[in-house]
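To keep things clear, I will list the structure first and then write my remarks on it.
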Amino acid sequence: MLIGELSRRTGVSERLLRYYERTELIHAERRANGYREYGDQTVETVRRVRTLLTAGLPTRVIRQLLPCTYDAALVHPCPGVLASLRDQLNILDQRAADLETARRLLRQTISATENAADQAPAPDSRAASRR
């Protein structure tokens with residue numbers, strides 16, 4: 001199938017499919033006219049890539065995992081796969097902790113600002129007291 005059909009069948013743009021090919025996530029044969037031709041199994045590969053990207057995995061890890069996948073969420077225990085998945089989970093856990101810290105600080109800032117606004121004299125009362 002040509003790239004346009006692969007795009008239609010997967011809902012992924014042709015530009016993104018070319019990126020997947022450049023990063024060796026998918027592979028295409030070249031016709032004599034230079035057009036890319038993808039096998040039928042590429043549809044499932046693109047779906048797996050999309051699922052793994054949604055799970056927060058970077059393409060370098062996905063490239064390592066793809067040969068070990070046989071379903072969108074199931075991975076054979078290939079060498080290095082568990083370590084890569086654990087590393088990625090640690091990265092996501094750290095991001096979550098950083099986001100929680102940022103949320104807490106933002107809540108504190110909002111609360112302090114609201115308290116300051118509640119305690120500040122009204123603008124008209126300050127002007128009247130200067131007279």
Side-chain angles (χ1 to χ4, degrees):
M1 88 187 78
L2 297 177
I3 195 167
E5 182 180 347
L6 180 60
S7 176
R8 281 187 297 281
R9 289 176 65 182
T10 61
V12 175
S13 72
E14 292 180 19
R15 182 177 179 188
L16 194 51
L17 292 171
R18 287 185 198 98
Y19 170 75
Y20 290 171
E21 188 176 347
R22 278 194 315 276
T23 57
E24 300 176 3
L25 297 174
I26 61 173
H27 304 283
E29 299 295 323
R30 291 289 182 157
R31 290 182 172 183
N33 61 6
Y35 287 9
R36 292 171 173 87
E37 185 159 356
Y38 298 93
D40 289 335
Q41 78 284 352
T42 309
V43 172
E44 186 56 37
T45 301
V46 170
R47 289 182 180 143
R48 286 183 189 144
V49 167
R50 301 301 300 162
T51 298
L52 294 167
L53 284 168
T54 300
L57 296 174
T59 55
R60 66 177 170 71
V61 173
I62 293 172
R63 187 173 42 254
Q64 179 187 5
L65 292 178
L66 277 178
C68 304
T69 61
Y70 58 93
D71 190 2
L74 300 174
V75 179
H76 292 286
C78 295
V81 167
L82 276 177
S84 292
L85 291 173
R86 286 185 179 120
D87 288 346
Q88 190 59 33
L89 182 59
N90 288 335
I91 290 168
L92 291 175
D93 287 344
Q94 184 58 53
R95 284 184 193 163
D98 292 345
L99 282 172
E100 185 53 41
T101 298
R103 290 176 70 203
R104 184 176 34 78
L105 291 172
L106 185 55
R107 281 189 184 110
Q108 289 172 350
T109 301
I110 290 169
S111 179
T113 303
E114 288 172 342
N115 289 339
D118 290 345
Q119 295 174 5
D124 294 334
S125 65
R126 280 187 275 166
S129 66
R130 289 187 197 144
R131 293 185 190 160

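These numbers come from a predicted model, not from an experiment.
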task: Measure across Arg18 and Arg36 and return the closest heavy-atom pair with its distance rounded to 0.1 Å.
output: NE-NH1, 3.6 Å
query: Side chains of Val12 and Tyr20: does their closest heavy-atom pair fall under 4.5 Å?
result: yes
statement: For Glu114, the salt bridge (Lys or Arg N to Asp or Glu O under 4.0 Å) test, sequence neighbours excluded, returns none
task: Identify the two heavy atoms, one from Leu92 and one from Ala55, that lie closest to each other, and give their separation to 0.1 Å.
output: CD1-O, 3.7 Å
field: Heavy-atom check, side chain of Leu25 versus side chain of Val46, under 4.5 Å
entry: no
statement: Between Val61 and Ser84 the two heavy atoms that sit nearest each other are CG1-CB, 4.1 Å
task: Give a yes or no on this: more than 12 heavy atoms of other residues, nucleotides or ligands lie within 6.0 Å of atom CZ of Arg104.
output: yes
query: Below 4.5 Å, heavy atoms only, C-beta onward: do Leu2 and Arg31 meet side chain to side chain?
result: yes
- request: Report yes or no: do Asn90 and Gln94 form a side-chain donor-acceptor pair below 3.5 Å?
  value: no
- request: Verify whether one side chain among Tyr38 and Glu21 offers a donor that lies under 3.5 Å from an acceptor in the other.
  value: yes
Gap between atom CD1 of Ile26 and atom CG of Leu16 - 0.5 Å precision: 8.5 Å
- prompt: Less than 4.5 Å apart, any side-chain heavy atom of Leu57 and any of Leu85?
  reply: yes
statement: Distance col, row Gln88:CD vs Ile91:CD1, nearest 0.5 angstrom, shows 4.5 Å
- request: With sequence neighbours excluded, tell me which residues meet salt bridge (Lys or Arg N to Asp or Glu O under 4.0 Å) with Arg50.
  value: none
